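As the structure is a computational prediction, the values presented were derived from the model and not from experiment.
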Number of protein chains: 2
Amino acid sequence: MKLATYRDGSRDGQLVVVSRDLSTAHYATGIATRLQQVLDDWNFLSPQLQDLYVTLNQGKARHAFAFEPRQCMAPLPRAYQWADGSAYLPHLERVRRARGATLPPSATTDPLMYQGGSDDFLGPCDDAWFGSPSWGIDFEAELAVITGDVAMGADAAQGLDGIRLLLLANDWSLRELVPAELAKGFGFVQSKPATAFGPVAVTPDELGEAWQHGRVHGTLQSSVNGRKVGLNDAGPEMQFHFGELIAHLAKTRNVRAGSIIGSGTVSNQDAAKGFGCIVERRAVEAVELGAPATPYLAIGDTVRLEMTGRDGLSVFGAIVQRVSGPQADAPADADGDDDTPPPDGTD
Amino acid sequence: MKLATYRDGSRDGQLVVVSRDLSTAHYATGIATRLQQVLDDWNFLSPQLQDLYVTLNQGKARHAFAFEPRQCMAPLPRAYQWADGSAYLPHLERVRRARGATLPPSATTDPLMYQGGSDDFLGPCDDAWFGSPSWGIDFEAELAVITGDVAMGADAAQGLDGIRLLLLANDWSLRELVPAELAKGFGFVQSKPATAFGPVAVTPDELGEAWQHGRVHGTLQSSVNGRKVGLNDAGPEMQFHFGELIAHLAKTRNVRAGSIIGSGTVSNQDAAKGFGCIVERRAVEAVELGAPATPYLAIGDTVRLEMTGRDGLSVFGAIVQRVSGPQADAPADADGDDDTPPPDGTD
């Protein structure tokens, strides 16, 4: 089944069931109002949602309406955990090669993963607001899973068993802020702003044969301003499958229902397939041309990410986001802070 | 006022209001059932809780009962964000000196902060379970704040304005797993297991003059197995106050209601005051004696953290946790994973 969260003015939105072809939707009212509620009580609530999904696909749901991705928040507008792996080694290799570094020998056995902020996700069509265009604004085309409860010490098979839903992610990254945070060793706080997620989260059975052993075998299409940037195969080059990423996270702690685990930027060794982010293209240019030629994103650019199935239908719906923010750097004040107005008020 | 969350078998527990002297409590039923709900709607709900608090302190609350910290979950048993600063430079200096490193010049102007897991916190009296005693089990005595909504780009004053509640934290750390994760640069995933929080979260006004400009001026007492380890002054040596830590986090993203921001291990230049963790003591021993003498924690050890006010009353209640887990390393299986049984089942 496919689930989405409709904007209703509340922090957590309203849960809707979406038809397989993403044409119609139906409020899950009477079953559950929020997706986290379903994840907290999956075995009881998900069969009821599945029944509604079947009825909706048959065109028999009484109060169905046209599905509008622009009404969507992230499927979980806020979550208790967002841990993002970096499971595609070509992404790491390129980025490191550009700065003269190589992958450590452990790269094939020990996943890289960072803990990200999960209190404020962006919806699939939300503008992404950045305080300065000089921060090196970049997207990252990723797949992600939402888990049920996975106990501390779980192995990769138990990790796989814990997967409830799959979805698309755009892990916005501020490349010019990355080096200083990497050097500190404490992970990414300022260089990884709010992540966006695709309109629908889908159960693994929806992928059919494309879901194999914790990997999604399909092509992730990335474009900027309508021009293709990447057509990347998400399957065979995922060094660590989602079950392994979950096991890595669960080594010393329980992973609780509603945790979102990301794949990292989908990437292929074959550069002809393009890239799921700008920084990889710049890294390839740096090696081939002597310097990067492609600029990072500018205010007003639009990023689009989507994966279509063998039937030609969009699996997860599309992420379509406009980069927004001040056109030029605002003058810094006395303490060096950026005083540009925030995009969203406090309570 | 002082708020706590009582265990009731649910994931989020039941909100209770606790008397100033921590002797009695009262369910907040009729106002709010969960603390996150109050943080989401603070201006409307907190005055009602304050009224109940006043009545409770006067001994006039009809259904008051004896407050029992052992019934407490963490005030937020799960949260949308846990970002832990490292605001006390003596802690950093000692740990780095022990491995032959020094603080970078930016240490006094750019806070260290890591994003931690927030899906599964421990209550103040919960056993802390670790899969192996060889991981270098250590506690970290910290203060933390819970925020309301703070907008992206907020400055330190706006960060201070966003503080709703203060509480104690024990940021469990696995020292032997830290170096490998620091080297990866992506922050702490396995070396920072579930954090524990003190029984009550308190509004800043409860601290009176001890709350000044985003710092808590009071002594944090740490002990292991009843022996004092530290009597550390939390006030003057906090290099970055809580408003500054929040502003650091908010530079590129909104900080949403219910975010918890930690101070890092409370630490003083004067080693005679002792330490809020084991690793600092070991670092001092390494310099003075040539090698660390104090072992990390062993299975069965008990850690106790508490801060008392000028009136001699416990401000936040005490964290009292027993270290639990297997006495010796379980044999590793073929893929090197630890197969010790998890402390908590899946759904």
Which of Ala83(A), Ser86(A), Pro104(A), Gly116(A) touches chain B most, by non-hydrogen pairs under 4.5 Å: Gly116(A)

Best-contacting candidate, Lys192(A), Met113(A), Gln158(A), Gln115(A), against chain B by heavy atom pairs under 4.5 angstrom: Gln115(A)

So, Asp171(B) side chain and Glu140(B) main chain: donor-acceptor pair closer than 3.5 Å or not? no

Just by distance, do the side chain of Gln37(A) and the backbone of Arg34(A) share a donor-acceptor pair under 3.5 Å? yes

For Arg256(B), is there any backbone N or O sitting under 3.5 Å from a side-chain donor or acceptor partner on Asp119(A)? yes

Under 4.5 Å from any heavy atom of chain B, what part of Asp84(A) do you find: side chain, backbone, both or neither? neither

Interface moiety of Pro111(A) toward chain B, non-hydrogen atoms closer than 4.5 Å: backbone

What I want to check is whether the side chains of Ser10(B) and Asp8(B) have a donor and an acceptor closer together than 3.5 Å. yes

Quick check on the interface: out of Leu112(A), Leu177(A), Leu174(A), who has the most heavy-atom pairs with chain B under 4.5 Å? Leu112(A)

Under 4.5 Å heavy-atom distance to chain B, tell me which part of Gln36(A) shows up: side chain, backbone, both or neither. side chain

Heavy-atom pairs under 4.5 Å with chain A are the metric here; pick the option from His248(B), Arg253(B), Gln190(B) that has the most. Gln190(B)

Under 4.5 Å heavy-atom distance to chain B, tell me which part of Ser259(A) shows up: side chain, backbone, both or neither. side chain

Passes salt bridge (charged side-chain N to carboxylate O under 4.0 Å, His left out), Asp41(B) versus Arg11(A)? Steps please. CA-CA 11 Å; Asp41(B) 198 7; Arg11(A) 293 174 185 267; over 6 Å; no

Parallel, tilted or perpendicular: which describes the rings of Tyr80(B) and Tyr80(A), with under 30° parallel and over 60° perpendicular? parallel

Heavy-atom pairs under 4.5 Å with chain B: which of Pro193(A), Ala194(A), Gly117(A), Ser118(A) has the most? Gly117(A)

Can you name the residues that form a side-chain hydrogen bond (donor to acceptor under 3.5 Å, both in side chains) with Arg7(B), not counting sequence neighbours? Asp126(B)

Which one, Val189(A), Asp161(A), Leu182(A), Asp110(A), leads in non-hydrogen pairs under 4.5 Å with chain B? Val189(A)

